[in-house]
Amino acid sequence: MPSVVTRFAPSPTGDLHIGGARTALFNWLFARRHGGKFILRIEDTDRERSTKEFVQAILDGMNWLGLAWDEGPYYQTERMDLYRKAAETLLAEGKAYRCVCTPEELERRREEMKARKEKPRYDGRCRSLPPEAAEGKPYVVRFRTPHSGQTVVRDLLRGDVTFENSELDDLVLLRTDGTPTYNFVVVVDDASMGITHVLRGDDHLNNTPKQLLIYEALGYPLPRIGHFPLIHGMEGGKMSKRDAETSVMKYKEMGYLPEAIVNYLARLGWGHGDQEIFSVGELQSLFSLEHVNLSPSRFDINKLLHLNAHYIKEADPERLAGLLIPFLKERGIDASPSAWLTRAVMTLRERARTLAEMADAAIYYFREKEADPKAAAKFLTPDIAAVLEEIAQAFSALPEFTPASMEAALSAVVEKRGGTLKIHQPIRVALTGGTASPGLFEVMDVLGREEVIRRLSSAVKRIRSN
RNA sequence: GUCCCCAUCGUCUAGUCCGGCCAAGGACACCGCCCUUUCACGGCGGCGACGGGGGUUCAAAUCCCCCUGGGGACGCCA
């Protein structure tokens, strides 16, 4: 029996969210750190909004990030008997009761309470209804929350947080259709799955006392519970699309590496001295709850971009080449893995922050790009045509086309013309269509002699036809 | 409105638990310089924070209180 069992319990009502991913990551890291078990549970009791597609999307996201679960995925819709049985027990013991108030009525009363500036909650009017009163009517099962006393959440991160029971209300356990609600299933599931550490977002802190009361009513042993802060957008408040993309898989599509996302997420709300770069292995052995921050952190795309650039530089070029192929395809370029592609990638990886940027920069390796008008006007001037022509000839006369021989040939041409000629940028523009690229000799090496000569000649032709 | 949580550079954070080593360290972004055939990478430097007020103490970013600010929760959503 592992001493630590954690879980990630997303509801399949959307893609794996960046905040959810961090919750999963922290749970996973905590389990790994303590040699425990990490369980994946799909909270799909909301049949209206849950879909198979979203389940798959969440699984894809977890897999992409490398967050391997040891057990599951469990689906709550397959465990209904368990919840119903637990509800019956509570009902039989008088710890829960049937309520016949309609949603419309409840909504109306809530509005009234808000208008009176009160905390909106159920007024408990069905509490003392005799069980027969619900016969033949649609009803929900509510938990009988004690009116007095306090419930203390012994939070792993924040210490004791005390709630007055009178502040809590009689939450719905079972809906009219008999399906259980979140606060109820989560207790039954966490208890029956032997979860030892419930680690989740701050937004659940207010739910915890209610859940604790249910644990108690059901006679379940209490897990250890900790709440970490939410991730906010750059403007504060919950992360929204206005701030940055929130779906994890969108980051894959934008050309981020999973190790960059993991590193970034781990450092968002957690720290280990001055260290910024963490491998997954390091994270697994260093992660600790004591160093998780208590205040919400803002999602800063610039830092993610920086980390991604770092991991692109570090990544195995062959792997990078493979990852780049779909991005090339999006740009209409069919490429397949090859030593040549890997070489091209090696010239590009120092200056790309994402695979998308790399693909954009790689285009001229595959086809001649139309020269940027400004660059052409500045560097492909009439007087340069003859020089480019001469260089092309010099290149074709070379016994071997290597960076060293190209450089020598180039110097010779420049020397012959007085030694002050600035020829690098014109060549760069002729070859790549722009003024920024990897080292000129690297570019020519990847392009190959034939193509270099072809593009030089084409540039000469264009200059002269103007 | 009620309840709950939080508070160090613009952002992520170290330091806070066990007050002195902090005239507050690192990273991102930004600016400048160097390297350089361009763009990057890299190197060096700069800008930049303990929200405010009271305590406690020889000493407070660190402990206590109040204020302010930010966030979250108040569903037959999770």
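Because the structure is predicted, anything quoted here is derived from the model rather than measured. Here is the naming used below: chain letters follow the sequence lines, and residue numbers restart at 1 for every chain. Just the heavy atoms: all of them, side chains too, but no hydrogens, waters or symmetry mates, feed the values below.
- Judged as a ring-ring contact (aromatic ring centres under 6.0 Å, His included), and not counting sequence neighbours, A/Tyr311 has no contacts.
- Contact check of residues 8-27 of chain A against RNA chain B (heavy atom, cut-off under 4.0 Å) returns A/Ser11.
- Remark: A/Tyr83 pairs with no residue by the ring-ring contact (aromatic ring centres under 6.0 Å, His included) rule, at least two apart or across chains.
- By the side chain to side chain donor-acceptor pair (under 3.5 Å) test, A/Glu451 pairs with A/Arg454, A/Arg455, sequence neighbours left out.
- The ring-ring contact (aromatic ring centres under 6.0 Å, His included) test applied to A/Phe30 returns A/His34, A/His197, not counting sequence neighbours.
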Determine, for nucleotides 2-11 of chain B in 5'-to-3' order, which nucleotides have protein heavy atoms under 4.0 Å from the base (write B), from only the sugar-phosphate (write S), or from neither (write -). BSSSSS---S
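- Annotation: side-chain hydrogen bond (donor to acceptor under 3.5 Å, both in side chains) contacts involving residues 20-29 of chain A, sequence neighbours excluded, are absent.
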Expected string for nucleotides 37-44 of chain B under the B/S/- scheme (protein heavy atoms, under 4.0 Å, primed atoms plus P, OP1, OP2 as sugar-phosphate) is BBBBS---
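- Residues satisfying the salt bridge (charged side-chain N to carboxylate O under 4.0 Å, His left out) test with A/Asp170, not counting sequence neighbours, are A/Arg127.
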Tabulate protein N/O versus nucleotide N/O from nucleotides 19-25 of chain B, keeping only pairs under 3.5 Å, one per line.
{"residue": "B/G25", "atom": "N2", "partner": "A/Asp274", "partner atom": "OD1", "Å": "2.9"}

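- Residues passing the ring-ring contact (aromatic ring centres under 6.0 Å, His included) test with A/Tyr97, sequence neighbours excluded: none.
- A/Lys238 meets the salt bridge (charged side-chain N to carboxylate O under 4.0 Å, His left out) test with no other residue; sequence neighbours excluded.
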